[in-house]
Amino acid sequence: MMMLKRLIALVLSAAAAVASMSAQAQAPQAPEIAARSYLLLDMSANRVLTERDADTPNDPASLTKLMTAYIVFGALRDKRLTLEQPLTVSKRAWDERKGDPSLMFIDTTMTPKVDELLRGMIIQSGNDASVALAEGVGGTVEQFVAMMNRQAQAWGLKNTEFKNVTGMTEPGHRSSARDLSVIASHLIRDFPQYYSYYSQRDFTFNKIRQDNRNLLLRRDPSVDGMKTGYTEAAGYCLVSSAQREFPNGKRRLLSVVMGTASREARASESQKLLNWGYSAFDAVRLFEEGQAISTVPVWKGAAPEAKLGASSAVFVAVPRGDGAKLQTKVERTDPLVAPLTKGQRVGTLTVTTSNGVAVAEVPLVVQEAVPLAGIFGRAWDAIRLWIK
């Protein structure tokens, strides 16, 4: 009996190893990236294409300002602030001049507009602009930092904690490549009306012209953002995003590199990731927005069937040439009993490769509401369900 158990264990272990090797063989080999940690996300398919130490907390430097901007954009959305609104410059904001070159060069005699401060923070990476915006939105920097941390917690960012709004090195101030990819993705998706700030190559304020430190904006026409960062502790960091046209639509990739050796290295390593992601993977458009993926019977409803679909177009990223081998499987609530509301989640669409490796799981929702049937229809279905 003991020998049989050992034999079964060996067979199961061998099967698991073969499955693992098969999955690894299918995944394209990522390039060698000279960075402390990195991550490449296909935003169109919502899939991480490659990563290394992406959950390790690191000093994020000025990548912190991605969250600073997100909170300010939220205040603009909620009408607590306007782009043309002038803000006072406190002594605390002016004091950012001491010992750091990342400045917009505002002083206490000025009242720059919110739009100017956003450009100063995003394009010039101005710490002084970041503090002025934080005080304008939160009242104090400390209250604004609390808002940043509440947002991080709401998104489930377990490896992120903010201590300031600028990214200056401070004990406990940390984030990870994965968490930063979440923040950047939310910026792009939640505030498309403000994303163009990140593509601007330079900004002049008070007769001082400064270039955007993101070198890829001048090298790759598909790159339209996002943010650089550097401190001695963090090394050179870059979150970059590119969007390229393909026959089945636009495709956006987002890369995060942390802890590279130089300004040139963070640009070249990011470019390497983006080019590999576009060349090694295909984005397959499986279903259009509003397209019925499955039509299923409904019990006790005014309509006999319900159409299920995704809330948006379904893209999946697969190794180049594997798109024709994809398989789909629908799992849903059964029996499906009315009433059903539009947008109600009732199942999941799983997309796998031919050897069973899952590449996407998409929530299936009801596309058109199905109200309750009349009393006799409900009674008849209740009998049928009982028999079934």
Side-chain angles (χ1 to χ4, degrees), residues 41-48 74 77-79 150-158 182 185-193 248-252 282-318 322-388:
L41 172 68
D42 188 321
M43 286 188 60
S44 301
N46 195 31
R47 180 185 177 188
V48 173
R77 175 198 58 206
D78 298 339
K79 310 296 184 186
R150 283 196 295 271
Q151 187 61 71
Q153 292 168 5
W155 287 335
L157 307 186
K158 297 180 181 179
V182 172
S185 297
H186 274 285
L187 268 172
I188 295 170
R189 290 187 174 124
D190 298 350
F191 298 109
Q193 68 272 40
N248 60 355
K250 295 178 180 179
R251 183 180 173 203
R252 180 174 291 281
D282 288 329
V284 181
R285 193 182 189 112
L286 290 179
F287 300 99
E288 300 293 336
E289 182 177 357
Q291 180 181 348
I293 295 174
S294 180
T295 301
V296 298
V298 176
W299 300 86
K300 301 185 180 181
E305 296 178 327
K307 294 180 179 180
L308 309 184
S311 56
S312 60
V314 178
F315 285 87
V316 293
V318 295
D322 284 359
K325 305 172 187 177
L326 293 175
Q327 300 172 351
T328 59
K329 178 183 178 183
V330 172
E331 295 180 335
R332 63 173 180 83
T333 303
D334 188 26
L336 203 55
V337 181
L340 301 173
T341 58
K342 183 177 180 179
Q344 178 180 338
R345 181 175 179 174
V346 295
T348 301
L349 172 73
T350 302
V351 185
T352 61
T353 59
S354 57
N355 62 357
V357 177
V359 293
E361 287 190 353
V362 182
L364 286 180
V365 299
V366 177
Q367 293 188 312
E368 297 177 5
V370 180
L372 277 172
I375 186 170
F376 294 110
R378 296 200 306 272
W380 173 243
D381 275 0
I383 295 171
R384 293 173 62 208
L385 276 171
W386 180 75
I387 295 172
K388 180 183 176 182

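Values below: all heavy atoms of this structure, side chains included; hydrogens, waters and symmetry mates excluded.
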Leu41 to Ser185 - nearest heavy-atom pair and separation: CD2-OG, 3.4 Å
Residue pair Phe315 / Ala283: nearest heavy atoms and the distance that separates them: CD2-CB, 4.4 Å
Give the minimum heavy-atom separation between Val359 and Thr353, together with the two atoms involved. CG1-CG2, 3.9 Å
I want to check something: taking the side chain as every heavy atom from C-beta on, are Val357 and Thr352 in contact at a cut-off of under 4.5 Å? no
Minimal non-hydrogen separation, Val365 against Arg345, with atom names: CG1-CA, 4.0 Å
side-chain contact (heavy atoms from CB on, under 4.5 Å) between Val316 and Arg47: does it pass, once the steps are laid out? CA-CA 8 Å; Val316 293; Arg47 180 185 177 188; over 6 Å; no
Across all chains, not counting sequence neighbours, the side-chain contact (heavy atoms from CB on, under 4.5 Å) partners of Glu361 are Thr348, Thr350
Quick one: pull up CD1 in Ile293 and CD in Glu288 and give me the separation to the nearest 0.5 Å. 11.0 Å
Tell me, do Phe287 and Val362 make a side-chain contact under 4.5 Å, heavy atoms counted? no
Can you confirm whether Arg332 sits close enough to Val296 that some side-chain heavy atom of one is under 4.5 Å from a side-chain heavy atom of the other? yes
Where is the tightest heavy-atom contact between Arg285 and Ala313, given as atom of each residue plus distance? NH2-CB, 3.8 Å
Contacts of Arg189 that satisfy side-chain hydrogen bond (donor to acceptor under 3.5 Å, both in side chains) - sequence neighbours left out: none
I'd like to know if the side chain of Glu368 and the backbone of Lys307 have a donor-acceptor N/O pair within less than 3.5 Å. no
Nearest heavy-atom approach of Lys250 to Ser44 is O-OG, 3.7 Å
Atom pair OG/NZ of Ser311 and Lys342 - distance to nearest 0.5 Å: 11.5 Å
